[in-house]
4 protein chains.
Amino acid sequence: MPGVTGPSDRLLDCVLDLLVAEGYEGISIRRVATAAGVSIGAVQHHFATKDALLTAAMDRVSQQFQQRLERRIAPGAGPAEWLRAVADELVSTGEERRPASVIWLVRMARAAVHEPTAEVHRREWQQVEDLLAQLVAAARPDLAEQSVRDEATVLLALLDGLAGAAAVEPGRVPPERAEALVARHLDALLDPVRPPA
Amino acid sequence: MPGVTGPSDRLLDCVLDLLVAEGYEGISIRRVATAAGVSIGAVQHHFATKDALLTAAMDRVSQQFQQRLERRIAPGAGPAEWLRAVADELVSTGEERRPASVIWLVRMARAAVHEPTAEVHRREWQQVEDLLAQLVAAARPDLAEQSVRDEATVLLALLDGLAGAAAVEPGRVPPERAEALVARHLDALLDPVRPPA
Amino acid sequence: MPGVTGPSDRLLDCVLDLLVAEGYEGISIRRVATAAGVSIGAVQHHFATKDALLTAAMDRVSQQFQQRLERRIAPGAGPAEWLRAVADELVSTGEERRPASVIWLVRMARAAVHEPTAEVHRREWQQVEDLLAQLVAAARPDLAEQSVRDEATVLLALLDGLAGAAAVEPGRVPPERAEALVARHLDALLDPVRPPA
Amino acid sequence: MPGVTGPSDRLLDCVLDLLVAEGYEGISIRRVATAAGVSIGAVQHHFATKDALLTAAMDRVSQQFQQRLERRIAPGAGPAEWLRAVADELVSTGEERRPASVIWLVRMARAAVHEPTAEVHRREWQQVEDLLAQLVAAARPDLAEQSVRDEATVLLALLDGLAGAAAVEPGRVPPERAEALVARHLDALLDPVRPPA
DNA sequence: CATGAATGAGAATTCATTCAT
DNA sequence: GATGAATGAATTCTCATTCAT
């Protein structure tokens with residue numbers, strides 16, 4: 001039954017709301033309970049410890065991210081279109097997608113100092129890079145394997161950097177500018193200037 | 001007497017050490033005092049509130065960052081060399097420079113949910129982009145103003161993304177690979193494939 | 001089940017004991033917890049903040065005061081007897097009633113510098129004056145409305161002044177003297193020297 | 001050199017200001033120092049302990065009170081006028097005299113739980129009652145000694161009660177009403193209805 | 001005389017967790 | 001399944017005081 005969300009999911013959504021609003025330090029079982037309108041004991045009934053709650057929240061983020069990615073991969077589209085769609089999802093600009101960027105920033109900062117979070121982050125980002133590499137290879141069959149990998153790594157770093165900048169510095173990097181820069185980068189990647197025969 | 005650091009600076013260094021070791025949530029006045037080997041009251045004598053302590057620590061990071069940048073700008077070097085030096089400073093790879101990357105990640109995540117931090121971050125990153133734009137313009141006088149700005153923004157985003165990835169995912173993005181990718185990007189930027197006459 | 005007092009009431013009684021023993025500055029959650037033989041957390045489980053604790057304690061005083069007043073109003077007694085009974089309750093002399101006087105003094109001093117306390121005090125004392133005015137009007141139907149109000153205000157001020165003096169200066173104003181002076185004042189009020197026909 | 005106020009007196013005035021503004025709990029050496037614009041050490045240079053500071057502040061209140069009383073006793077006036085003047089000073093109504101009432105309330109509440117304060121208060125209020133008794137005796141030579149004493153005690157209690165009520169409950173007992181009630185009471189005391197010959 | 005560093009105790013409050021119901 | 005009482009540790013912060021300068 002897709003789309004069905006139990007009481008646990010409601011709690012996790014409250015966790016993510018708090019995370020976006022006040023960062024990692026804004027999370028406490030008490031506040032989650034208050035935000036969800038349930039008792040403290042109820043939260044602890046579903047998630048025995050605070051760590052379990054946070055881990056579950058991070059898992060939920062991962063799932064939602066995967067779902068959004070899959071939804072973007074339209075059947076019948078060419079690799080270039082897929083690549084643009086995935087890049088657009090990753091750069092995640094615009095007011096309604098800012099929460100995703102903020103959560104990503106918070107999670108990455110936590111990963112830098114919290115090994116369990118780091119493991120999840122590494123696995124996931126490796127998968128994303130692999131996906132990008134696949135699409136680049138398909139769109140640019142002329143490139144050598146190493147070049148494909150390099151392009152994928154650079155692209156992912158660029159998308160991460162732009163997403164963070166757009167979320168925190170909308171003045172310097174407005175959403176539409178971030179998208180335009182991504183498009184420019186992909187243009188150069190997908191339609192390189194070829195030396196004349 | 002250069003290099004002399006008062007008791008305040010020692011406290012701030014302890015704050016930064018804790019920040020790198022355990023992230024933002026690892027900071028408490030008690031732990032800072034313990035780490036510095038002084039009483040809690042002593043910490044609060046120098047920094048009235050926790051916020052003042054953290055703000056001062058962030059300022060110290062900014063100062064150190066500025067100093068490192070200035071030290072990189074060797075007199076007599078051309079804009080291309082400067083650009084490579086600044087980029088190397090920003091991508092900040094290697095074990096001994098990991099603390100800088102971690103602090104940068106933590107600060108950015110905080111900026112996403114804490115407006116005062118965000119303001120400092122914005123001001124500073126705008127200056128960094130301005131510096132990059134200056135250097136790009138000097139190294140590529142053929143580029144139009146808008147293209148210069150685009151290259152600067154893309155370069156900074158790429159450096160941010162690679163620095164974060166290198167700090168959190170050394171498996172996927174080892175330090176030397178991050179540097180190589182930066183070099184590759186700068187090569188393309190500084191020595192573009194020119195159409196034949 | 002009359003007389004049943006929950007754990008909250010026990011805490012409030014400890015608050016009042018501390019208040020009488022050491023005044024407003026003697027109150028701290030820690031000391032209340034110690035006096036009640038419970039943990040600090042337990043106190044804060046019942047009263048989230050110190051202010052809530054003090055407010056509840058003051059409410060308890062008000063309730064007890066109201067109950068004592070009502071117990072004094074015997075059915076079938078004339079207004080003169082009622083007036084003497086209420087006055088006796090208000091002047092509140094004697095060792096066993098000193099706590100009531102001390103709490104009243106502490107509360108009034110707090111009302112002078114703490115608006116929320118002042119509001120409660122004003123409402124309550126207005127009701128007391130109204131009660132006195134009613135009784136005076138009933139006992140002295142010959143008095144004009146304004147005179148009744150004046151007598152009530154003067155009587156309440158006198159009772160307050162004597163109660164405070166008896167509590168703090170038992171040498172100058174011993175309990176029995178305070179009662180005698182009240183009786184004297186009420187004698188003059190209830191049986192005025194009438195000009196002969 | 002009367003009227004000369006050293007730095008100590010400035011500190012004491014700050015103490016009294018804080019007392020009126022926030023009550024006894026609002027006093028701390030830190031805040032007094034801040035309010036006076038001096039360092040904490042400077043305050044402690046003049047008053048070794050917090051208790052010494054508060055004791056000195058209370059003494060200053062006593063001195064100022066005595067001075068105001070003496071200034072009211074105009075030479076050449078009859079005892080009735082003196083009595084009215086002293087009563088007016090004690091009831092202390094009006095916005096500009098509210099601080100005096102508040103300090104008196106705070107001091108009395110403290111006296112109820114702090115023996116040293118109680119001793120000072122008792123001594124002083126005994127003197128005030130003695131003064132009132134003297135004036136009553138002079139104005140009403142027909143009264144027996146006990147009656148004089150009773151009238152003095154009642155008068156002082158009434159003045160205290162009205163002063164406190166006027167300070168805390170200006171709605172129920174406006175300043176001018178307090179003065180009118182005092183005048184009414186003194187009228188009855190000084191010009192009693194005498195039985196016709 | 002005055003300052004500021006330093007300390008240690010105590011303040012209120014929030015927190016995660018356990019347990020009985 | 002769910003609730004609320006209770007606890008003990010930890011939080012930031014304020015406080016009075018001592019001491020060296």
Side-chain angles (χ1 to χ4, degrees), chain A residues 6-8 11 22 24-34 36-54, chain B residues 6-8 10-11 24-34 36-54, chain C residues 6-8 10-11 24-34 36-54, chain D residues 6-8 11 22 24-34 36-54:
Chain A
S8 298
L11 291 176
E22 311 195 38
Y24 196 80
E25 63 173 348
I27 306 282
S28 83
I29 292 186
R30 191 160 307 204
R31 299 178 76 163
V32 172
T34 301
V38 301
S39 70
I40 292 178
V43 176
Q44 291 173 320
H45 179 72
H46 291 278
F47 303 96
T49 69
K50 186 185 182 180
D51 210 69
L53 178 64
L54 287 170
Chain B
S8 297
R10 247 195 61 229
L11 291 175
Y24 193 80
E25 63 172 349
I27 304 284
S28 82
I29 293 184
R30 185 173 305 203
R31 300 179 77 165
V32 172
T34 302
V38 299
S39 69
I40 292 179
V43 176
Q44 291 172 323
H45 176 69
H46 291 280
F47 302 97
T49 68
K50 186 185 185 181
D51 208 71
L53 178 63
L54 288 169
Chain C
S8 297
R10 245 193 64 228
L11 291 175
Y24 194 80
E25 62 171 350
I27 305 283
S28 81
I29 293 184
R30 185 171 307 205
R31 299 180 76 166
V32 171
T34 301
V38 300
S39 70
I40 292 178
V43 176
Q44 290 172 323
H45 177 69
H46 291 279
F47 302 97
T49 67
K50 187 184 183 181
D51 209 70
L53 178 64
L54 287 169
Chain D
S8 298
L11 291 176
E22 310 195 39
Y24 195 80
E25 62 172 351
I27 305 282
S28 83
I29 292 186
R30 192 160 306 205
R31 299 179 76 163
V32 172
T34 301
V38 300
S39 70
I40 293 178
V43 176
Q44 291 174 320
H45 180 72
H46 290 279
F47 303 97
T49 69
K50 185 183 184 181
D51 209 70
L53 178 63
L54 287 169

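The figures that follow rest on heavy atoms only: side chains count, while hydrogens, waters and symmetry mates do not. Labels below follow one simple rule: chain letters A, B, ... track the order of the sequence lines, proteins then strands, and each chain is numbered from 1. Keep in mind that this is a model prediction, so the values were computed, not measured.
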Applying the Watson-Crick and G-U criteria (both distances under 3.5 angstrom) with [ ] for crossing and | for other-strand pairs, one obtains for DNA chain E .||||||||||||||||||||
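Following rounding to the nearest Å, C:Leu54 (CG) and E:dA12 (C1') show an atom-to-atom distance of 12 Å.
Each of B:Gly37 and D:Ser39 was matched to the nucleotide of DNA chain E holding its nearest heavy atom; the match closer to the 5' end belongs to D:Ser39. Annotation: of the two residues near DNA chain F, A:Arg30 and D:Ser28, the 5′-most nearest-nucleotide partner is A:Arg30.
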In a table with atom names and distances, give each donor-acceptor pair under 3.5 Å that connects a side chain of residues 40-47 of chain A to protein atoms at least two apart or in another chain.
residue	atom	partner	partner atom	Å
A:His46	ND1	A:Ser8	OG	3.3

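Contact check of residues 40-52 of chain A against DNA chain F (heavy atom, cut-off under 4.0 Å) returns A:Gly41, A:Ala42, A:His45, A:His46.
Read 5' to 3', the first and last nucleotides of DNA chain F with an atom closer than 4.0 Å to a heavy atom of chain D are F:dC15 to F:dT18.
Here the shortest heavy-atom pairing between A:Leu11 and A:Val38 reads CD2-CG2, 4.1 Å.
Of the inter-residue distances, the one linking B:Ile27 atom CD1 with A:Glu25 atom CD reads 11.0 Å to the nearest 0.5 angstrom. Between the CZ atom in D:Arg30 and the OG1 atom in D:Thr34 there is a gap of 8.0 Å [rounded to 0.5 Å].
In this view, D:Arg31 and D:Glu22 satisfy the side-chain hydrogen bond (donor to acceptor under 3.5 Å, both in side chains) rule, not counting sequence neighbours. Residues satisfying the side-chain contact (heavy atoms from CB on, under 4.5 Å) criterion with D:Thr49, sequence neighbours excluded, are D:Asp51, D:Ala52.
Only the C1' atoms considered, F:dT21 is 13 Å distant from E:dC1, to the nearest whole Å.
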